[in-house]
Amino acid sequence: MSRILKISGTALAVLLVIFTVIFIFFPGIPTYFKVKHDFEYIDTEIESYKTVSVPDDFKEYSKGRLSVKVPDGFESKETEDMLSLTDGTSKMLITVSDSTENDKIMRDYAESQGEEYDKWEYYRYDEDDYREFFKKMNVPFPSEAVASSDILWFNKGGFTAKDCLKLRGKNKDIFLEFAEIKDECWGMEKTWMLKKDGFTMYVCRSDGNDTVSYNYWTATVFPENSGSKYYYIMMPKTDEETVKQIFSSVEIN
């Protein structure tokens with residue numbers, strides 16, 4: 001009997017050592033199981049957008065450096081920041097945006113209201129905490145001056161459950177925050193990415209659900225070496241083949 005107890009005690013000690021070593025090197029294991037259980041889209045990654053051929057009778061329009069082709073019959077109306085295309089039934093909007101300018105507008109507005117502007121205001125922690133988190137994740141800190149590093153795309157495709165395994169303390173808490181945001185983002189719309197000569201484009205589709213009551217397609221186009229400038233295309237839900245043809249025609253000149 002004493003020999004059995006001694007063997008059992010030895011086995012228990014070995015198991016304790018094994019579990020201790022595991023938690024030392026992988027402190028995020030409890031977080032891993034939590035996000036796998038709680039968040040449907042935690043391991044969802046952004047897939048490539050598959051292009052199709054563009055019909056020869058499509059007509060080309062341009063806004064800034066961006067060109068796009070749409071079915072014949074569309075009419076255009078252009079302002080400084082926007083190009084509107086419509087055939088009387090469908091309508092497509094193309095806007096030119098600048099992350100740095102947008103940030104300045106928000107900062108100036110906050111100051112006009114006697115408030116201090118903080119782009120992390122609606123997050124749970126301070127900027128220094130997020131800087132440390134991104135450093136731990138080996139991901140560049142999202143900069144307001146570089147549109148393509150917008151935190152939205154990090155939330156959509158910058159991590160999966162396994163990335164939390166070596167996190168601890170506040171970094172682990174921030175991972176949980178982003179995991180929750182990622183689940184909400186993918187629950188609202190699906191996303192694909194297209195890389196072509198001179199630009200990267202993110203295509204998103206919302207099908208409408210309990211959170212979003214409208215259906216739409218969007219494409220966010222980040223030209224190479226454009227600093228913080230980018231293009232945004234939005235159109236209501238229409239037949240998918242036409243949408244694919246339009247988005248496949250996008251070029252940066």
Side-chain angles (χ1 to χ4, degrees), residues 46-109 142-154 156-157 185 188-206 212 214-253:
I46 299 176
E47 298 180 354
S48 296
Y49 189 73
K50 294 178 174 58
T51 59
V52 298
S53 60
V54 182
D56 293 335
D57 61 352
F58 272 32
K59 187 176 179 179
E60 183 175 352
Y61 292 89
S62 296
K63 180 62 181 174
R65 294 174 56 202
L66 183 143
S67 69
V68 62
K69 295 179 179 180
V70 298
D72 190 28
F74 275 71
E75 296 181 357
S76 66
K77 182 179 180 180
E78 186 172 7
T79 64
E80 181 180 355
D81 297 321
M82 183 172 65
L83 174 66
S84 173
L85 300 170
T86 181
D87 64 356
T89 302
S90 299
K91 186 173 184 178
M92 181 167 63
L93 300 177
I94 303 175
T95 60
V96 184
S97 295
D98 190 301
S99 295
T100 300
E101 291 181 3
N102 293 343
D103 185 76
K104 184 178 184 303
I105 291 171
M106 295 177 67
R107 191 180 302 278
D108 290 344
Y109 176 77
S143 168
E144 64 209 32
V146 183
S148 59
S149 66
D150 190 312
I151 198 169
L152 170 63
W153 311 119
F154 171 76
K156 282 289 189 76
C185 287
M188 292 173 62
E189 61 181 18
K190 304 300 181 283
T191 300
W192 299 265
M193 182 175 66
L194 173 64
K195 281 187 173 292
K196 294 178 72 174
D197 289 342
F199 69 93
T200 298
M201 180 169 73
Y202 291 93
V203 175
C204 298
R205 184 194 72 205
S206 169
V212 180
Y214 47 87
N215 300 318
Y216 64 86
W217 287 92
T218 66
T220 310
V221 183
F222 299 105
E224 291 179 2
N225 304 317
S226 67
S228 55
K229 182 175 288 187
Y230 63 97
Y231 297 90
Y232 184 75
I233 304 171
M234 183 174 184
M235 58 191 303
K237 192 73 173 294
T238 183
D239 69 282
E240 191 163 341
E241 185 63 23
T242 301
V243 172
K244 284 185 176 181
Q245 291 167 344
I246 292 173
F247 286 158
S248 296
S249 75
V250 171
E251 298 289 348
I252 291 294
N253 303 312

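From a predicted model like this one, the values you see are computed outputs, not experimental measurements. Only this structure's heavy atoms are used, side chains among them; waters, hydrogens and symmetry mates stay out.
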query = Quick one: does Tyr231's side chain get under 4.5 Å of Val250's, heavy atoms only?
reply = no

key: By side-chain contact (heavy atoms from CB on, under 4.5 Å) - contacts of Glu241 (at least two apart)   = Val52, Asp239, Gln245

message = Quick check for you: to the nearest 0.5 Å, what is the distance between Ser249 atom OG and Glu60 atom CD?
response = 8.0 Å

message = Within the supplied structure, the quantity of interest is the number of heavy atoms (other residues, nucleotides, ligands) at a distance under 6.0 Å from Lys63 NZ; does it exceed 12?
response = yes

inquiry  = Measuring from atom OG1 of Thr200 to atom CZ of Phe222, what distance do you get when rounded to the nearest 0.5 angstrom?
reply    = 8.5 Å

ask   = Just one of Ile233, Leu85, Val68 clears the side chain to side chain contact (heavy atoms under 4.5 Å, CB included) bar with Ile246, so which one?
value = Val68

ask   = Going by heavy atoms in the side chains, are Trp192 and Lys190 under 4.5 Å from each other?
value = yes

ask   = Any donor and acceptor pair, going by atom type alone, linking the side chain of Tyr61 with main-chain N or O of Phe74 inside 3.5 Å?
value = yes

query = Quick one: OG on Ser53 to NZ on Lys244, what's the gap to the nearest 0.5 Å?
reply = 11.5 Å

message = Could you measure the distance from the CD atom of Glu224 to the NZ atom of Lys195? Nearest 0.5 Å is fine.
response = 7.5 Å

request  = Work out which heavy atom in Pro236 is nearest to a heavy atom in Trp217; give both atom names and the distance.
outcome  = O-CD1, 4.2 Å

key: Any donor-acceptor pair under 3.5 Å from Lys196 side chain to Ser248 backbone   = yes

task = Evaluate whether atom CD of Glu47 has more than 12 neighbouring non-hydrogen atoms of other residues, nucleotides or ligands under 6.0 angstrom away.
result = no

request  = Report yes if some heavy atom in the side chain of Phe58 is under 4.5 Å from a heavy atom in the side chain of Pro71; otherwise report no.
outcome  = yes

task = Heavy atoms only: give me the nearest Tyr230-Thr220 pair and the separation to one decimal.
result = CD1-CG2, 3.7 Å

ask   = Would the number of heavy atoms belonging to other residues, nucleotides or ligands and lying under 6.0 Å from CG of Asp57 be above 12?
value = yes

key: Over all atoms of both residues, closest heavy-atom pair of Pro223 and Ser226   = O-OG, 2.8 Å

remark   = OG of Ser84 to CD1 of Ile94, rounded to nearest 0.5 Å, is 9.0 Å

task = Scan for salt bridge (charged side-chain N to carboxylate O under 4.0 Å, His left out) pairs involving residues 80-95, sequence neighbours excluded, and state none if there are none.
result = none

message = Any non-hydrogen side-chain atom of Phe199 less than 4.5 Å from a side-chain atom of Leu66?
response = no

ask   = Rounded to the nearest 0.5 Å, how far apart are SG of Cys185 and CZ of Phe154?
value = 11.5 Å

Test item: Glu240 and Arg205 side chains (from C-beta on) under 4.5 Å apart, heavy atoms = yes

ask   = Between Glu189 and Tyr216, does any side-chain donor sit less than 3.5 Å from a side-chain acceptor?
value = yes

query = With Ile46, which residues qualify under side-chain contact (heavy atoms from CB on, under 4.5 Å), at least two apart?
reply = Lys156, Trp186, Thr191, Met193, Tyr202

